[in-house]
*Asks:* 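There's a structure below that I have some questions on.
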Protein chains: 4
Amino acid sequence: MRPAPERRRELLDTAAEVFAAQGYDATTVRRIADAAGLLAGSLYHHFDSKESMLDEILSTFLDELLAGYDTVLAAGLGPRETIQALVTESFREIDRHRAAVAIFQKESRHLQDQPRFGYLADARHRFETAWLGTLERGVAAGDFRADLDVRLTYRFVRDTVWVAASWYRPGGQHSPEEIARQYLSMVLEGIASRTRT
Amino acid sequence: MRPAPERRRELLDTAAEVFAAQGYDATTVRRIADAAGLLAGSLYHHFDSKESMLDEILSTFLDELLAGYDTVLAAGLGPRETIQALVTESFREIDRHRAAVAIFQKESRHLQDQPRFGYLADARHRFETAWLGTLERGVAAGDFRADLDVRLTYRFVRDTVWVAASWYRPGGQHSPEEIARQYLSMVLEGIASRTRT
Amino acid sequence: MRPAPERRRELLDTAAEVFAAQGYDATTVRRIADAAGLLAGSLYHHFDSKESMLDEILSTFLDELLAGYDTVLAAGLGPRETIQALVTESFREIDRHRAAVAIFQKESRHLQDQPRFGYLADARHRFETAWLGTLERGVAAGDFRADLDVRLTYRFVRDTVWVAASWYRPGGQHSPEEIARQYLSMVLEGIASRTRT
Amino acid sequence: MRPAPERRRELLDTAAEVFAAQGYDATTVRRIADAAGLLAGSLYHHFDSKESMLDEILSTFLDELLAGYDTVLAAGLGPRETIQALVTESFREIDRHRAAVAIFQKESRHLQDQPRFGYLADARHRFETAWLGTLERGVAAGDFRADLDVRLTYRFVRDTVWVAASWYRPGGQHSPEEIARQYLSMVLEGIASRTRT
DNA sequence: AATGAATGAGAATTCATTCAT
DNA sequence: GATGAATGAATTCTCATTCAT
């Protein structure tokens, strides 16, 4: 079950799109097969099960994302620059794995209870370490406001980034970097005009 | 099928919790019935179908929410105060209809294609009008920064508010008003410390 | 379970109409209750079960019909007059028990295998004795053509009479006696014009 | 859902037999599947629904029957010969589609209200046109008795033909042509012996 | 007598999956 | 690699029936 890896990738991309659009449970194997141009039974030449497709989609994406976060964290930047880099990296991942991010966002909560998808909870912990740690470091260093509820801020930031996968369209008018810049400007400086303060 | 409205409400609340936790499609009628303490078939004494439960959950919530928004918009406040009121109202709704909000967040995208759930798309439009309009008014009035991409900002603000339903627990340590205040402080003033700027 | 016999009769008439229109299996108890203006559960104050309603409808009708046939047969008429009397009596029964006849026609074939409805098969035998015997007597007496396949003729006559229940409307433009006359004229003399022969 | 048309036909024949014997509503999909030697769910590989099986059984039969009638009517025969040909054609159809005819007879009345089965009412109209028209033509031409109630006669003739499907067994002792001959002799000339008249 | 909530058995249907070809 | 027929378990839903009020 390891032949022609491009075909696998193609099929997984198709499956990811359908999962993202309809939801994993609402997606039938037949629907994926239709979208991919073969019959439902034929998908089983490539994958063990519908669940293993989901598994491969999510784990491939998370591996890449966490590697990206590790690189950022290893760079030894200051808190503000780290946040900027994490946000930018996140929007880049959304750009490359939009469907996978959308699936992760929608399904990971209830999937992570199954042993097979235990790595989703692990990934969430690593996110938390990365973001929350940086925010705390920034407050300590005076980069971020001392009166922040760091945990609450972390949740707001984390969610807004991921939920963007539900409306982001690769190849649209905004590049991931531009979106990251806009978002960072809002989160870091606020939307209120300074002249008023 | 109109008597004992408290029983209906009870059952709908149970159903909403399960839908929010598992996802609509992944939820079996039997699971709802188990949680409510009756047999699956007995639910059909109260509701036509699983779908009509979902429908009633979502439409009840949206009716109330949109009424709340209308009240805010009719108050004739300035842009900044309107945003504050919308955010606060939203967190209050999350406090009262957490499950419904979570379901709306997760399922409305693919539901709104079905004629029965067309009102979900309508509601989204009315949200957009409310938020986007206020942001534009605020930029014009100099309340908000002129260099914002208003459309992008609208999405970020909207998503961050609603996505809070996925972690918020009514009766937890933060009241809705407190969360709204934190959130507004982040969005309006930014998280960066002013001394640095 | 014997109170107010008029109410019983009313309810049975309603049930018979619905059974005749929709078919016994396709008729729900709720449908009968709706038509009778009470709730499904309330029917069980009057009847043990849906099946016992059917039973009472059919057996009441058959008792009356067979009594009528017995009277005709006991009158000692000649074969031709007996056939005329049986046909007239049959159309009179259709006039009075249209729904029951229609149900009998549609459902008796598969009901008669159940012990409870064994009397349906008995009734069929008594019909056969009455009609077939009279036809045979008539052939022997020279009243009916000698070249008839009596068994085939019996079937044709029997079915045409009963199936009339599916289009007959009591109170319509033809009285049962008139229909009987027309039918007998066709069966006895034929539709071909005599001048041509 | 178009391959192996023989399998489809086989399954439809089985279904038709069961529908005819038990009635459509009283027939479970499982019963058909048992009779056909597969599992209930597997029928859905071939057909959308129980209803679509019924639909296909009835429409196939009616298409063939109406084509047969059209051929007869197009032949330009006299009224008496047309009636003879229609009756003979009908008994041939009963011979070939006994189950379908029995189902049509039992179920069409209440099915024709559903849009999907609207063609049943159409077919009934075309029957009426064919039979009633010929009878009227025959009365006008002096072939049939002038004192007939043509409409009533039409009903008797029509019903007697179709109801034969409830007792006819293909391959029994009477060929369809023989039954037609007996039936025509009864209807055209009557069963009364001429000597008596 | 009637209501309305509930039961429980079974109905049609769906769907992931298997497998001979 | 692909097909298409079949499986079997589960799912939504229906409905006759019961029963406390």
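Below, chains carry the letters A, B, ... as their sequence lines are ordered, and counting in each starts from 1. Scope of the values below: all heavy atoms of this structure, side chains included, with no hydrogens, waters or symmetry mates.
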*Asks:* How close or far is atom C1' of E:dA12 from atom CG of D:Leu54, stated in whole angstroms?
*Replies:* 15 Å
*Asks:* Closest to the C:Leu39 side chain: F:dT3, E:dG4, F:dT7?
*Replies:*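 It is E:dG4.
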*Asks:* Out of B:Arg8, B:Lys50, B:Arg116, which one pairs with B:Glu56 under the salt bridge (charged side-chain N to carboxylate O under 4.0 Å, His left out) rule?
*Replies:* B:Arg8
*Asks:* Are a donor atom and an acceptor atom from the side chains of B:Tyr119 and B:Asp55 found within less than 3.5 Å of each other?
*Replies:*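 Side-chain D/A pair, B:Tyr119 to B:Asp55: present.
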*Asks:* Is A:Glu107 reaching over with its side chain to a backbone N or O of A:Tyr24, donor-acceptor style, under 3.5 angstrom?
*Replies:*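 Confirmed, A:Glu107 side chain pairs with A:Tyr24 backbone.
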*Asks:* In whole Å, I'd like the distance from the CG atom of C:Asp34 to the P atom of E:dA2.
*Replies:* 15 Å
*Asks:* Below 4.0 angstrom from OP1 or OP2 of F:dA6, is there any side-chain N or O of D:Arg7?
*Replies:*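 The answer is yes; a side-chain N or O of D:Arg7 sits under 4.0 Å from OP1 or OP2.
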*Asks:* Looking only at side-chain N and O atoms, does C:Arg8 come under 4.0 Å of OP1 or OP2 in E:dA1?
*Replies:* no
*Asks:* More than 12 heavy atoms of other residues, nucleotides or ligands under 6.0 Å from CZ of C:Arg124: is that the case?
*Replies:* yes
*Asks:* Extract from the structure each pairing of a protein N or O with an N or O of nucleotides 12-14 of chain F at less than 3.5 Å, listing the distance.
*Replies:*
{"residue": "F:dT12", "atom": "OP1", "partner": "B:Thr27", "partner atom": "O", "Å": "3.3"}
{"residue": "F:dT12", "atom": "OP1", "partner": "B:Val29", "partner atom": "N", "Å": "3.4"}
{"residue": "F:dT12", "atom": "OP1", "partner": "B:Lys50", "partner atom": "NZ", "Å": "3.3"}
{"residue": "F:dT12", "atom": "OP2", "partner": "B:Val29", "partner atom": "N", "Å": "3.1"}
{"residue": "F:dC13", "atom": "OP2", "partner": "B:Tyr44", "partner atom": "OH", "Å": "2.5"}
{"residue": "F:dC13", "atom": "OP2", "partner": "B:Lys50", "partner atom": "N", "Å": "2.9"}
{"residue": "F:dC13", "atom": "O5'", "partner": "B:Tyr44", "partner atom": "OH", "Å": "3.4"}

*Asks:* Report the distance from atom CG of A:Leu38 to atom C1' of F:dA2, rounded to the nearest whole Å.
*Replies:*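 Taking CG of A:Leu38 and C1' of F:dA2, I get 8 Å after rounding.
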*Asks:* Report yes if at least one side-chain N or O of D:His46 is closer than 4.0 Å to OP1 or OP2 of F:dA6; otherwise report no.
*Replies:*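 For F:dA6, OP1/OP2 do have a side-chain N/O of D:His46 under 4.0 Å.
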*Asks:* Which heavy atom of C:Phe61 sits nearest a heavy atom of C:His97, and at what distance?
*Replies:* CD1-CB, 3.9 Å
*Asks:* Both distances under 3.5 Å, Watson-Crick or G-U wobble: report the partner of F:dA20, or none.
*Replies:*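 Because both required distances fall under 3.5 Å, F:dA20 counts as paired with E:dT3.
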*Asks:* How long is the line joining CZ of D:Phe19 and C1' of E:dA12, in whole Å?
*Replies:* 12 Å
*Asks:* Within the supplied structure, the quantity of interest is the number of heavy atoms (other residues, nucleotides, ligands) at a distance under 6.0 Å from A:Arg30 CZ; does it exceed 12?
*Replies:* no
*Asks:* As an exercise, state the distance from CG of C:Leu58 to CE of C:Met53, rounded to the nearest 0.5 Å.
*Replies:* 13.0 Å
*Asks:* Any side-chain N or O of D:His45 less than 4.0 Å from the OP1 or OP2 oxygen of F:dA5?
*Replies:* yes
*Asks:* Measure CZ/D:Arg31 against C1'/E:dA11 and give the value in whole Å, please.
*Replies:*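 So the CZ-C1' distance, D:Arg31 to E:dA11, works out to 15 Å.
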*Asks:* Starting from C1' on F:dC15, measure out to CG on B:Leu43 and report it in whole angstrom.
*Replies:* 16 Å
